[in-house]
Protein chains: 2
Amino acid sequence: MDEQIAQDSTPIFQRIKDYLLGEIASGRWKEGDLVPSEQALVRQFGVSRMTVNRAVRELTAEQVLTRRQGSGTYVAPQKYQATLVEIRNIADEVRARGHVHASHPRLLEQSPAGEALARQFELEPGTPLFHSLIVHDENGQPIQVEDRWVNPACAPAYLEQDFARITPNEHLMEAAPLQGATYSIEALPAPREVAEMLGIAPGTSCLVLKRRTTSGGRVASVVTMWHPGHLYKFTGSVG
Amino acid sequence: MDEQIAQDSTPIFQRIKDYLLGEIASGRWKEGDLVPSEQALVRQFGVSRMTVNRAVRELTAEQVLTRRQGSGTYVAPQKYQATLVEIRNIADEVRARGHVHASHPRLLEQSPAGEALARQFELEPGTPLFHSLIVHDENGQPIQVEDRWVNPACAPAYLEQDFARITPNEHLMEAAPLQGATYSIEALPAPREVAEMLGIAPGTSCLVLKRRTTSGGRVASVVTMWHPGHLYKFTGSVG
DNA sequence: TAGTGGTCTAGACCACAGC
DNA sequence: CTGTGGTCTAGACCACTAT
């Protein structure tokens with residue numbers, strides 16, 4: 001038959017996904033259990049194998065199921081909770097809250113890489129790097145000190161940007177399309193210089209995000225962002 | 001033709017994905033650009049439409065492309081950098097570092113929900129909740145204070161667990177399969193009680209993760225985890 | 001109306017696992 | 001060997017968009 005079977009508007013593959021998810025959510029199928037084969041589902045739903053395959057394949061991509069060729073399809077081990085922290089451009093973030101964002105560049109220079117930075121950039125010590133130090137305000141209140149080092153090979157025009165108008169993030173997104181990133185989030189007491197720029201007491205708890213991004217196979221940027229702990233949090237949701 | 005065309009072992013749909021990704025990575029196709037239609041790709045690669053469709057559909061699911069029925073396929077706006085913090089069972093995490101994990105339960109009680117907690121659990125104030133307070137050690141050094149409230153409806157046997165042997169996380173994963181979670185990460189000074197349990201000075205910067213999980217349509221657990229800021233960080237990578 | 005994406009079919013060949 | 005998943009084809013009907 002080549003007529004559409006869908007009775008309501010829900011696609012068949014989605015209804016099969018819903019069925020499988022329901023069996024798992026209800027507890028009838030537990031972690032590690034064998035799930036009916038594609039052939040079995042084909043018979044059960046009276047649809048073509050391609051349709052069943054799409055349902056099962058997507059659930060596999062979503063890590064709900066695991067498949068082993070020649071063996072079968074199984075309920076995947078309980079996922080750990082993956083919390084997705086979306087690192088947005090701070091200017092957008094502030095504007096999304098209906099507030100006013102302002103950037104205050106405090107430093108914009110070229111400077112040779114020291115030992116540690118050179119290692120991070122996978123370059124020789126002494127290689128010239130661009131360096132910017134910018135304070136971001138929300139409604140006139142400092143909420144982030146952005147201490148950023150940039151690989152000139154990735155963003156040659158970095159120093160000519162007007163960082164009172166655009167953020168380094170915005171410039172780099174254009175100049176060096178993001179390939180990957182590693183990051184860490186930690187809580188550190190504010191050093192004196194950072195505390196001064198944030199208008200807080202030295203030693204105050206800060207939420208510190210460090211990030212190292214790559215572009216075109218090179219390390220493009222290494223940034224440390226300091227946020228007053230009582231004014232800033234990362235939030236998100238899963239599931 | 002019904003013979004397999006694959007010359008090397010790479011599936012055709014994957015080669016089409018690689019082609020499309022390459023055009024974008026190289027900058028030849030920019031954000032918002034119209035991507036060749038399925039028909040055009042069918043002609044270009046000499047394959048069936050289903051194969052092209054799979055390639056494009058998967059890239060759409062991966063947010064590399066966006067599609068509008070009747071209109072066309074476009075390069076998706078540059079993704080913001082999404083940092084994936086995987087919240088693992090702290091016991092596993094410590095063991096994965098080759099270190100010794102120990103749990104010290106400090107409190108295990110039933111207690112009526114106050115105003116704030118009742119709101120978080122979407123229950124009436126005064127509803128009984130389970131409450132545990134556990135200190136986790138790594139090699140004898142305290143690295144986390146876990147202050148957890150649990151909905152008895154989701155994990156009725158919670159209070160009978162031996163939390164020196166299994167973590168609340170482990171018990172809840174079994175008792176109340178995770179549906180979803182919201183979380184926040186912030187930096188806060190350690191209050192006196194927490195500081196004592198962590199063996200640090202009151203006011204020391206702590207990395208604080210708060211998480212609220214749901215299971216079976218109910219709020220299952222609300223937890224606050226305190227980590228000494230200088231001993232603990234969240235890390236991860238994207239791309 | 002022509003072109004786009006969204007879905008589905010009823011076959012097919014293959015690699016691999018388990019008996 | 002049989003049964004599993006992995007992939008692919010050459011058609012099809014439909015809903016939607018743009019002109």
Side-chain angles (χ1 to χ4, degrees), chain A residues 1-21 23-24 29 32-77, chain B residues 1-21 23-24 29 32-77:
Chain A
M1 25 189 137
D2 45 11
E3 78 215 299
Q4 298 302 308
I5 296 195
Q7 308 166 11
D8 60 51
S9 61
T10 312
I12 301 176
F13 78 88
Q14 185 59 57
R15 276 184 269 160
I16 298 176
K17 287 179 72 173
D18 291 342
Y19 163 74
L20 298 169
L21 284 168
E23 293 298 305
I24 295 168
W29 296 349
D33 283 2
L34 188 62
V35 167
S37 73
E38 295 195 356
Q39 270 307 327
L41 292 169
V42 161
R43 286 191 297 272
Q44 176 175 343
F45 284 90
V47 300
S48 96
R49 191 182 152 210
M50 273 303 279
T51 304
V52 166
N53 178 268
R54 176 166 174 188
V56 179
R57 182 159 35 78
E58 290 189 0
L59 287 177
T60 303
E62 292 158 23
Q63 305 197 43
V64 172
L65 303 174
T66 61
R67 316 194 79 180
R68 287 213 312 276
Q69 196 176 127
S71 170
T73 302
Y74 304 83
V75 178
Chain B
M1 26 191 133
D2 45 13
E3 80 212 300
Q4 298 301 312
I5 295 193
Q7 309 165 11
D8 61 52
S9 61
T10 311
I12 302 176
F13 79 89
Q14 186 59 56
R15 276 185 268 160
I16 298 176
K17 286 179 73 171
D18 291 342
Y19 164 73
L20 297 169
L21 284 168
E23 293 298 305
I24 294 168
W29 296 349
D33 282 2
L34 187 62
V35 166
S37 72
E38 295 194 356
Q39 269 307 328
L41 292 168
V42 162
R43 287 191 296 272
Q44 177 175 344
F45 285 89
V47 299
S48 97
R49 192 185 150 205
M50 274 301 279
T51 304
V52 165
N53 177 269
R54 175 167 176 186
V56 178
R57 180 158 37 77
E58 290 189 0
L59 287 177
T60 303
E62 293 160 23
Q63 303 197 44
V64 172
L65 304 173
T66 60
R67 316 194 79 178
R68 285 214 316 275
Q69 194 175 112
S71 169
T73 302
Y74 304 83
V75 178

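Labels below follow one simple rule: chain letters A, B, ... track the order of the sequence lines, proteins then strands, and each chain is numbered from 1. Quantities reported herein were computed from a predicted structural model and do not represent experimental measurements. Atoms considered below: every heavy atom in the structure, side chains included; atoms not considered: hydrogens, waters and symmetry mates.
Contacts between residues 58-72 of chain B and DNA chain C, defined by a heavy-atom separation below 4.0 Å, involve Arg67(B), Arg68(B), Gln69(B), Gly70(B), Ser71(B), Gly72(B), listed by number.
Rounded to an integer number of Å, the gap from CZ of Phe45(A) to P of dT7(C) is 17 Å. Between the CD atom of Glu38(B) and the P atom of dG11(D) there is a distance of 17 Å, rounded to whole Å. Atom CG of Leu34(A) is separated from atom P of dG5(D) by 8 Å (rounded to the nearest Å). Separating the CG atom of Leu20(A) from the C1' atom of dG5(D) is a distance of 15 Å, rounded to the nearest angstrom. One can place CG of Asn53(A) at 15 Å from P of dT7(C), the figure rounded to the nearest angstrom. Protein atom CG of Leu41(A) is 14 Å distant from nucleotide atom C1' of dG3(D), rounded to whole Å. In this structure, CD1 of Ile16(A) is placed 12 Å from C1' of dT7(C), rounded to the nearest angstrom.
Within the structure, a side-chain polar atom (N or O) of Ser37(B) is placed less than 4.0 Å from OP1 or OP2 of dT4(C). The phosphate of dT7(C) (OP1 or OP2) has no side-chain N or O of Thr51(A) nearer than 4.0 angstrom. The shortest distance between the side-chain N/O atoms of Arg57(A) and the OP1/OP2 oxygens of dG6(D) is not below 4.0 Å. Contact between the side-chain N/O atoms of Thr73(A) and the OP1/OP2 oxygens of dG5(D) is found at a separation under 4.0 Å.
Among pairs with a residue in residues 38-65 of chain B, those fulfilling ring pair (Phe, Tyr, Trp, His ring centres under 6.0 Å) read Tyr19(B)-Phe45(B), at least two apart in sequence or across chains.
For the salt bridge (Lys or Arg N to Asp or Glu O under 4.0 Å) test, no residue two or more places apart in sequence or in another chain qualifies with Arg68(B). Qualifying side chain to side chain donor-acceptor pair (under 3.5 Å) partners for Glu23(B), counting only residues two or more places apart in sequence or in other chains: Arg28(B). Residues meeting the side chain to side chain contact (heavy atoms under 4.5 Å, CB included) test with Ser48(B), sequence neighbours left out: Met50(B), Thr51(B). Scored by the ring-ring contact (aromatic ring centres under 6.0 Å, His included) test, Tyr74(B) finds no partners at all (sequence neighbours excluded).
Nearest to the side chain of Ile12(B), among dT7(C), dG5(C), dC8(D), sits dC8(D). When each of dC8(D), dG5(C), dT4(D) is scored by its nearest atom to the side-chain atoms of Gln39(A), the top-ranked nucleotide is dT4(D). Taking the side chain of Met50(B) as heavy atoms from C-beta on, and the options dT9(C), dG5(C), dC8(D), the nearest nucleotide is dT9(C).
Residues Val52(B) and Arg49(A) each lie close to DNA chain D; by heavy-atom proximity, the contact nearer the 5' end of the strand is made by Arg49(A). Each of Ala40(B) and Arg54(A) was assigned the nucleotide of DNA chain C with the nearest heavy atom; the assignment lying further toward the 5' end belongs to Ala40(B).
Between the side chain of Arg49(B) and the backbone N or O of Glu38(B) there is no donor-acceptor pair closer than 3.5 Å.
Taking all atoms of both residues into account, the shortest heavy-atom contact from Val47(B) to Val42(B) is O-CG1, 3.1 Å.
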